[in-house]
Number of protein chains: 2
Amino acid sequence: MTRIVIPEHSLFGLANLPYGVFSTPGAPPRVGVRVADTVVDLTFVDDVFAAPSLNPFMAQGHARWVEVRDQILDLVSGDVPDAAVHPVGTVTMHMPFEVADYVDFYASEHHASNLGRLFRPDSEPLMPNWKHLPVGYHGRAGTVVPSGTDIVRPTGQRKGEDAPTFGESHRLDIEAEVGFVVGTPSPLGTPVGLDDFGERVFGVVLVNDWSARDIQAWEYVPLGPFLGKSFATSISPWVVPLLALDAARVATPPQDPEPLPYLREKDLWGLDLSLEIAWNGQVVSRPPYREMYWSPAQMLAHMTVNGASSRTGDLFASGTVSGPEKDQRGAFIELTWGGKDPVTVNGEPRTFLEDGDEVTISATAPGPSGTRIGFGEVQGRVLPAR
Amino acid sequence: MTRIVIPEHSLFGLANLPYGVFSTPGAPPRVGVRVADTVVDLTFVDDVFAAPSLNPFMAQGHARWVEVRDQILDLVSGDVPDAAVHPVGTVTMHMPFEVADYVDFYASEHHASNLGRLFRPDSEPLMPNWKHLPVGYHGRAGTVVPSGTDIVRPTGQRKGEDAPTFGESHRLDIEAEVGFVVGTPSPLGTPVGLDDFGERVFGVVLVNDWSARDIQAWEYVPLGPFLGKSFATSISPWVVPLLALDAARVATPPQDPEPLPYLREKDLWGLDLSLEIAWNGQVVSRPPYREMYWSPAQMLAHMTVNGASSRTGDLFASGTVSGPEKDQRGAFIELTWGGKDPVTVNGEPRTFLEDGDEVTISATAPGPSGTRIGFGEVQGRVLPAR
């Protein structure tokens with residue numbers, strides 16, 4: 001039997017207990033929980049965790065999530081069978097869940113304003129609808145990949161002088177986002193109210209919504225981003241349960257004008273996640289999730305207000321997290337102001353991503369009693385176009 | 001044993017053989033083939049058809065599709081076991097496949113020009129990118145529903161005088177489209193070339209992309225349609241194999257300017273599908289698919305040119321099929337010019353959909369030797385908002 005040692009300031013203490021899908025040599029992918037620097041095999045808790053994804057467990061619903069979290073806490077607080085314990089460095093992490101539909105919002109006022117100024121310099125930065133609804137669109141679920149997946153530089157059409165040109169993207173960018181994973185489905189025709197968020201949403205991941213700005217700029221009018229985004233979206237391997245984030249709840253910034261009733265909540269809450277973006281190992285930005293204008297519950301309520309169903313495994317992301325300060329911007333197009341104002345990375349002036357670059361997004365949040373909760377990193381390296 | 005009688009002008013003769021998922025009282029959904037007015041249970045051919053979706057069979061690849069089509073032809077041409085034969089009126093049809101990602105294109109020049117004039121009356125109707133690439137976006141895979149599913153009128157935000165208003169859509173519309181179903185997946189990082197279309201695409205369905213124009217108009221800038229579309233997309237229950245559509249191939253209209261090399265094909269082919277839209281039983285439009293500007297192979301090549309993978313069950317639709325004539329328009333917003341020019345349906349002037357309205361889209365295509373091939377109808381009725 002093993003007693004797991006948790007260092008005092010571990011980001012993966014007993015208040016966190018995030019779920020992921022891992023494999024060890026010779027054994028198939030299954031669900032585990034991270035505790036300190038170990039992964040505990042949850043098939044020792046329940047057979048539902050023998051699946052190579054969290055979907056079957058997430059579909060069991062909120063009451064079961066609470067119950068199993070207690071069981072896991074019991075297990076990992078005591079003596080754990082040796083066969084269940086793996087050092088985190090010895091396992092391979094996989095996609096933690098099967099993505100049903102993937103929706104990407106645009107919930108940061110700072111990001112939407114910056115992008116508006118950059119993409120449409122002659123117009124008002126925010127569209128007339130922006131403060132009335134959380135603007136969002138569907139992304140490609142099939143190209144959501146786990147952290148560590150290499151990102152091949154995409155190829156496509158870019159605007160040219162008289163006609164478009166074709167080739168590899170010259171403006172490859174990131175978007176640091178926070179993603180919410182639906183556990184309990186909602187049927188067609190039944191909107192999910194603001195109060196239902198906690199019953200429906202299982203957990204939270206970090207998202208890097210890789211973006212080819214030149215491809216995007218040429219294609220996106222009038223039907224929105226498509227190939228500029230659909231080549232890859234990376235997520236962190238650990239799903240932090242919403243149940244672990246009570247201490248991270250904060251009020252959202254004030255909303256003015258007051259939103260319509262289905263988006264109006266007495267106590268609008270966001271999450272006090274502190275993100276960090278490392279470019280080739282150097283931290284270049286620290287986006288504060290607490291600055292996001294639209295709350296997670298407002299996003300889900302809006303996504304379903306037309307009667308759209310939601311499914312176990314639906315992923316909806318916040319859109320780029322950008323704060324009011326320059327070094328809080330969550331995309332390089334903002335951080336370098338469209339490439340005109342380079343940042344210094346390891347002594348070199350840099351704008352968009354070069355082949356071989358590596359980006360790592362991480363985050364922490366307040367836990368109970370002054371502790372911190374960690375999110376798994378979402379990391380990716382850029383490979384040359386094929 | 002039963003010998004299936006095929007009337008001379010049946011749209012479901014031996015040259016068609018479309019696949020669907022059906023159930024009979026007391027037995028689970030399984031795959032069948034439609035022959036004349038009967039459904040033949042394909043579990044009598046292969047166990048792969050015991051699944052409640054076509055995905056396992058589609059994933060077996062092109063060579064297997066050819067082989068099994070021959071086996072089915074042998075079976076239904078001779079004496080079929082009685083237990084395998086069901087009159088089409090006695091079975092319940094289900095979703096024929098699990099939708100992986102759903103992409104909607106905008107491939108009709110007539111439709112895109114009409115919508116441009118209606119949504120942006122002060123600008124050029126076609127955007128500068130339109131003739132250079134097949135514009136498309138991701139839709140909601142989880143709300144693709146089979147023909148016959150009632151459509152609850154969606155609710156949402158609509159543009160108001162000073163602020164948006166909330167309520168049921170007053171401009172509920174249809175879009176008559178043709179959808180293509182991917183059978184053989186393609187890996188991340190590997191574009192599907194134009195010549196690969198036939199190897200990858202399993203078959204064709206009819207699509208009704210229900211659209212709430214007031215919700216769409218308010219939300220769609222800058223990230224594209226979202227809730228105006230995501231409440232429901234209906235598809236026909238029968239997947240017509242691409243193998244049945246050789247005689248339906250026709251040249252697309254000329255493309256000027258010449259597209260970039262990855263979209264340039266020596267013999268661009270479209271499909272000579274004749275669609276028909278019935279509104280409460282009265283045919284109001286006959287959109288010709290042969291008029292579509294972008295070809296099916298160009299859509300798939302574009303969708304993957306950035307390295308995006310495709311999966312078994314991916315559905316990509318053409319966008320509204322509209323011809324050059326008024327009675328060939330595939331959406332009511334075009335047919336009634338934004339509601340200003342009503343059409344007469346059963347003696348009444350009509351613009352957008354009213355509660356209780358029923359819309360049925362059907363299509364036929366040339367088969368071998370002067371025969372015709374039928375598509376299953378896609379039908380839906382509008383229920384009042386909840």
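Every chain is numbered from 1, with letters handed out A, B, ... down the list of sequences.
Per-residue heavy-atom pair counts under 4.5 Å with chain A were compared for B:Ala112, B:Gly139, B:Pro225, B:Gly307, and the maximum is reached by B:Gly139. Chain A forms more heavy-atom pairs under 4.5 Å with one residue of B:Gln157, B:Met127, B:Arg120 than with any other, namely B:Gln157. The greatest number of non-hydrogen atom pairs below 4.5 Å with chain B, out of A:Val99, A:Leu188, A:Thr155, is found for A:Thr155. Between chain A and the options B:Ala100, B:Pro154, B:Gly156, B:Gly136, heavy-atom pairs under 4.5 Å are most frequent for B:Gly136. Heavy-atom pairs under 4.5 Å with chain A were tallied for B:Ala385, B:Pro261, B:Ala212, B:Ser230; the largest tally goes to B:Ser230. Residue with the most contacts toward chain A among B:Ile151, B:Thr149, B:Val221, B:Thr165: B:Val221 (heavy-atom pairs, distance under 4.5 Å).
Heavy-atom distances place no part of B:Val152 under 4.5 Å from chain A, backbone and side chain included. Contacts between A:Leu133 and chain B at a heavy-atom distance below 4.5 Å involve backbone atoms as well as side-chain atoms. Proximity to chain A (any heavy atom under 4.5 Å) is shown, for B:Ser310, by both the backbone and the side chain. Residue contact with chain B, scored on non-hydrogen atoms closer than 4.5 Å, is absent for A:Leu126. Heavy atoms of A:Phe119 lying under 4.5 Å from chain B are absent altogether. In this structure, the portion of B:Tyr106 lying under 4.5 Å from any heavy atom of chain A is its side chain and not its backbone. Interface remark: A:Pro191 contributes no atoms to any contact with chain B (heavy atom separation under 4.5 Å). Proximity to chain A is absent for every atom of B:Pro185, based on heavy atoms less than 4.5 angstrom apart. No part of B:Arg153 comes within reach of chain A, as not one of its non-hydrogen atoms sits under 4.5 angstrom from that chain.
B:Tyr137 and A:Glu219 are not linked by any side-chain donor-acceptor pair at a separation below 3.5 angstrom, with hydrogens and angles left out of the test.
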Could you go through the side chain to side chain contact (heavy atoms under 4.5 Å, CB included) check for B:Tyr220 and A:Asn129 one step at a time? CA-CA 9 Å; B:Tyr220 90 105; A:Asn129 58 13; over 6 Å; no

Worked verdict on B:Val103 versus A:His138 for side chain to side chain contact (heavy atoms under 4.5 Å, CB included): CA-CA 10 Å; B:Val103 165; A:His138 287 91; over 6 Å; no

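B:His132 places none of its side-chain heavy atoms less than 4.5 Å from the side chain of A:Lys159.
Annotation: B:Glu168, atom CD; neighbour count of heavy atoms from other residues, nucleotides and ligands within 6.0 Å is above 12. Crowding of B:Gln255 atom CD: a count of heavy atoms from other residues, nucleotides or ligands under 6.0 Å exceeding 12.
Taking every heavy atom of both residues into account, A:Leu227 and B:Val305 meet most closely at CD1-CG1, 3.8 Å. In terms of heavy atoms, A:Gly189 sits closest to B:Arg386 at O-NH1, 3.3 Å.
Between B:Phe105 and A:Phe226, the ring-plane angle classifies as perpendicular under the 30° and 60° cut-offs.
Residue pairs meeting the salt bridge (charged side-chain N to carboxylate O under 4.0 Å, His left out) criterion with at least one member in residues 100-114 of chain B, sequence neighbours excluded: B:Asp101-B:Arg311, B:Glu109-B:Lys131.
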